[in-house]
Amino acid sequence: MLYPQYVIDDLKVRADLVRIIQPYAQDLKKKGANWMACCPFHQEKTPSFSVNPAKGFYKCFGCGKGGTAFNFLMEMEGLNFPEAVKRVAEMSGYMLPELEDDESFARSKKAREEKKALADQIIELNQVALDFWQQELDGKSKDARTARKYIAKRGLSDATIENFRLGFSPDSWDSLLGLLRDFGADEKLISQSGLVSVNEEKDRAYDRFRGRVMFPVLDVSGKPVAFGARAIKPDDNPKYLNSPETVGYVKGDNLYGLFQAKDAIRRKGFAILVEGYLDLIALVENGVDNVVASLGTAFTDAQAKLLSRFTKRIVINYDGDSAGTKAARRAIELLLPHDFDIKVLVLPEGKDPDDFIRQNGEAEYNALRGRATPFLQFALSAAAEGRKLSNAKQKAEAVEEFLPVITAIRNHVQQRESFDQAMDFFGIDDAALRRELWQSSTGKAAQHLQRAAPTRAISRAARAKVTVAEKNLLRILVHDRELAALILPRLERTDYENLATAELYEAFIAISGKGDEVSAESIVEHLDGDETTLDLARELLVSPRFRENDEAMDDAMAEAENCVFALRNMAIRNRIEEISREAAIAEQENDPATLTRLLEQQLELEKIRRNLEERYA
């Protein structure tokens, strides 16, 4: 114990537990001797989180979490115990004594102090640079005028420019370098600051940022820890240039705009997460002020912890392209372990927040934000995007891509409910398969089996569901070249493309097209090595022939035609079920145009299926 026990005990008594917890449980209200709120550790509608300030203890009767002020901050802010003690002391105005340290702690303390001193010096240089660049933006040079025109073109007001402390770095190799030297910084500190680049061959330093609009990254207390920069000349590359990591700046530990947004986030009770600083500034300019950005990098666990200090509700509004969808899904997986209530806003036509709000305004943006998609629905739709869930292989890929979302959910009730909804969405009703996927996604399966489990399990289940019609038609294609030549022209790709046996059908069609004999070698040549498909191919090769070469083919032809009908009917039925799932999503997303289009498709397919059944009745 680094602090004496009497200090810990005294601080625990003096700590204002209600004041410490209230920023994280804003509905905290006095109920008799205790205070009650909805638990900040899990989602609930009826308050079950109790705080007893007299005893210095909290307890949630829903999820079971409880403890002292130290436990609360360790859990909410990801602190270790000594850090939690310091934080409680700061929030309570309590003077801590010097730590009781041993030799190893003394060394580590010295290293931390040296690192902090260096970080403070770098931040001081950043402030010098920021003041310089702000002045340059107001300058009379041609480049400064171009920078102001660029900012004006983005629709940014003077108030927004001042709020985000935008500046302009002149197109010079050493204007900032000279200023830092004049300030008294030594060459080593300047090179460690990230404000200059160093040509090691020529042993020469020069300004890192030249001819760019500057966007300072402020930490939560408002200190400039880094910079983002945007080129204003079309031929300048890269278009965006950011500070490297330094002793005072780790990219994944900060959120752009949090300093400006933290009060609005607490006031409104939720945050909007965007990708870039221009998206954020455009939203703020147009009246949406509870916004943070992940600094153009992948969202991190440290950023999730930082954001959890101010809210537990978030709307992710990344770009609508495939890269934005992937980044949003990854952010969901990092936010869920911290019990965030997450929604995702995908703007129409894949527009980014900057373009959309400048074209459509705050009211339209807020209307869409109010209809943002719950994270589970978004993650399911993203996994299914571009895949046919009636195809076993593609379904397996979709499920495997989605399951990390289930793994990330910490609340067991929510985790199970979300898993069951997902299995219904993917059309997985086999109890044994559900159990295997549940164990895989919750870490209850053996570690070495977890990664491969979803694909193999779904593949096995699909293999077990191979219909008699599929197998009989494949037997005919394997053993009867004469009949295969007659039946293959009647087989349409849509009849088999979503079957577990689709790869075998494609192989036999390719072999027939070449005029080759069906053999183990010719089949393997056309397969990609899937174990279950190879097993079925071997089974077909040794299966009995449907007819001998000298027998009449009437019965075999009738069987083949019935098989084609069965496959076609099944394909139409599967597509109708798929449309029903897509229509349910469109209805939830309030997309009437898509819903109408899907219902029209469904009616047309029902008509085709009825006609088909009448023909083969």
Side-chain angles (χ1 to χ4, degrees), residues 106-144 146-147 164-233 235-256 259 277 295-297 300 302:
R107 284 197 302 271
S108 106
K109 179 183 177 185
K110 183 181 179 184
R112 283 197 307 272
E113 288 174 347
E114 288 174 353
K115 184 177 179 180
K116 186 178 184 309
L118 179 56
D120 289 343
Q121 288 178 303
I122 289 173
I123 289 170
E124 188 176 21
L125 295 191
N126 285 343
Q127 186 62 57
V128 172
L130 176 53
D131 293 341
F132 171 62
W133 289 330
Q134 283 187 284
Q135 290 172 8
E136 285 294 313
L137 182 61
D138 293 328
K140 297 179 180 178
S141 71
K142 180 182 176 182
D143 284 347
T146 303
F164 288 95
R165 305 182 192 176
L166 304 192
F168 172 68
S169 56
D171 194 5
S172 162
W173 292 97
D174 60 1
S175 57
L176 178 62
L177 178 61
L179 184 66
L180 297 178
R181 285 169 175 164
D182 291 345
F183 182 73
D186 62 44
E187 298 299 317
K188 184 178 179 182
L189 178 61
I190 292 172
S191 68
Q192 291 174 313
S193 70
L195 295 169
V196 301
S197 298
V198 178
N199 184 324
E200 293 185 1
E201 287 184 12
K202 297 182 179 180
D203 193 25
R204 184 174 68 88
Y206 53 91
D207 290 5
R208 177 180 178 85
F209 302 105
R210 305 179 304 279
R212 293 173 177 270
V213 175
M214 303 302 299
F215 299 83
V217 178
L218 310 181
D219 67 12
V220 75
S221 60
K223 297 173 184 174
V225 293
F227 298 91
R230 210 285 189 185
I232 57 172
K233 294 177 182 176
D235 54 346
D236 275 359
N237 286 306
K239 184 191 291 185
Y240 296 100
L241 182 64
N242 299 316
S243 290
E245 291 195 345
T246 68
V247 171
Y249 172 63
V250 177
K251 288 180 184 178
D253 287 358
N254 295 272
L255 285 164
Y256 183 77
F259 172 70
Y277 38 78
L295 292 164
T297 60
T300 67

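Numbering starts at 1 and runs along the sequence shown.
In this structure, Ser243 and Arg208 approach most closely via the heavy-atom pair CA-NE, 4.2 Å. Closest of all the heavy-atom pairs between Ala147 and Phe168 is CB-CD1, 3.5 Å. The two residues Val196 and Ala205 have their closest heavy-atom pair at CG2-CB, 4.3 Å. Ala119 approaches Gly248 most closely through the heavy-atom pair CB-CA, 3.7 Å. Minimum heavy-atom separation, Ala129 to Phe227: CB-CZ, 4.5 Å. Considering all non-hydrogen atoms of both residues, Ala144 and Gly139 come closest at CB-O, 3.7 Å.
Considering only residues two or more places apart in sequence or on other chains, Asp253 meets the side chain to side chain contact (heavy atoms under 4.5 Å, CB included) condition with Val250, Ala302. Residues passing the side chain to side chain contact (heavy atoms under 4.5 Å, CB included) test with Ala117, sequence neighbours excluded: none. Every residue meeting the side-chain hydrogen bond (donor to acceptor under 3.5 Å, both in side chains) condition with Gln127, not counting sequence neighbours, appears here in chain and number order: Asp131. Evaluation of the side-chain hydrogen bond (donor to acceptor under 3.5 Å, both in side chains) rule for Asp171 yields Lys233 as partners, not counting sequence neighbours. The ring pair (Phe, Tyr, Trp, His ring centres under 6.0 Å) search around Tyr249 returns none, not counting sequence neighbours. With sequence neighbours excluded, the residues satisfying salt bridge (Lys or Arg N to Asp or Glu O under 4.0 Å) with Asp120 are Lys116. Partners of Arg230 according to the side-chain hydrogen bond (donor to acceptor under 3.5 Å, both in side chains) rule, which considers only residues two or more places apart in sequence or in another chain, are Tyr150. Applying the salt bridge (Lys or Arg N to Asp or Glu O under 4.0 Å) test to Asp219 and every residue at least two apart in sequence or in another chain returns nothing.
At most 12 non-hydrogen atoms from other residues, nucleotides or ligands lie less than 6.0 angstrom from CG of Asp203.
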Please tabulate, one pair per line, all N/O donor-acceptor pairs under 3.5 Å involving side-chain atoms of residues 175-189, not counting sequence neighbours.
unit_1, atom_1, unit_2, atom_2, d
Ser175, OG, Asp207, OD2, 3.3
Arg181, NE, Glu187, OE2, 2.8
Arg181, NH2, Glu187, OE1, 3.3
Asp186, OD1, Lys188, N, 3.2
Asp186, OD1, Leu189, N, 2.7

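Sorted by first and then second residue, the ring-ring contact (aromatic ring centres under 6.0 Å, His included) pairs involving residues 192-216 (not counting sequence neighbours) are Trp133-Phe209, Trp173-Tyr206, Phe215-Tyr277.
Under the 4.5 Å side-chain criterion, counting only non-hydrogen atoms from C-beta, Leu125 is in contact with Leu195. Val217 is not listed as a side-chain neighbour of Pro224, based on a closest heavy-atom distance of 4.5 Å or more. Contact check for Gln121 versus Leu118: side-chain heavy atoms found under the 4.5 Å cut-off.
Atoms CG and CE, from Leu166 and Met214 in turn, are 10.5 Å apart once rounded to the nearest 0.5 Å. One distance of note links CG of Leu241 with OG of Ser169; it measures 9.0 Å at 0.5 Å rounding. For the atom pair Tyr240 OH and Arg212 CZ, the distance stands at 10.5 Å (nearest 0.5 Å).
With hydrogens and angles ignored, the 3.5 Å screen pairs a side-chain donor or acceptor of Asn126 with a backbone N or O of Val225. A donor-acceptor contact shorter than 3.5 Å is absent between the side chain of Gln192 and the backbone of Thr246.
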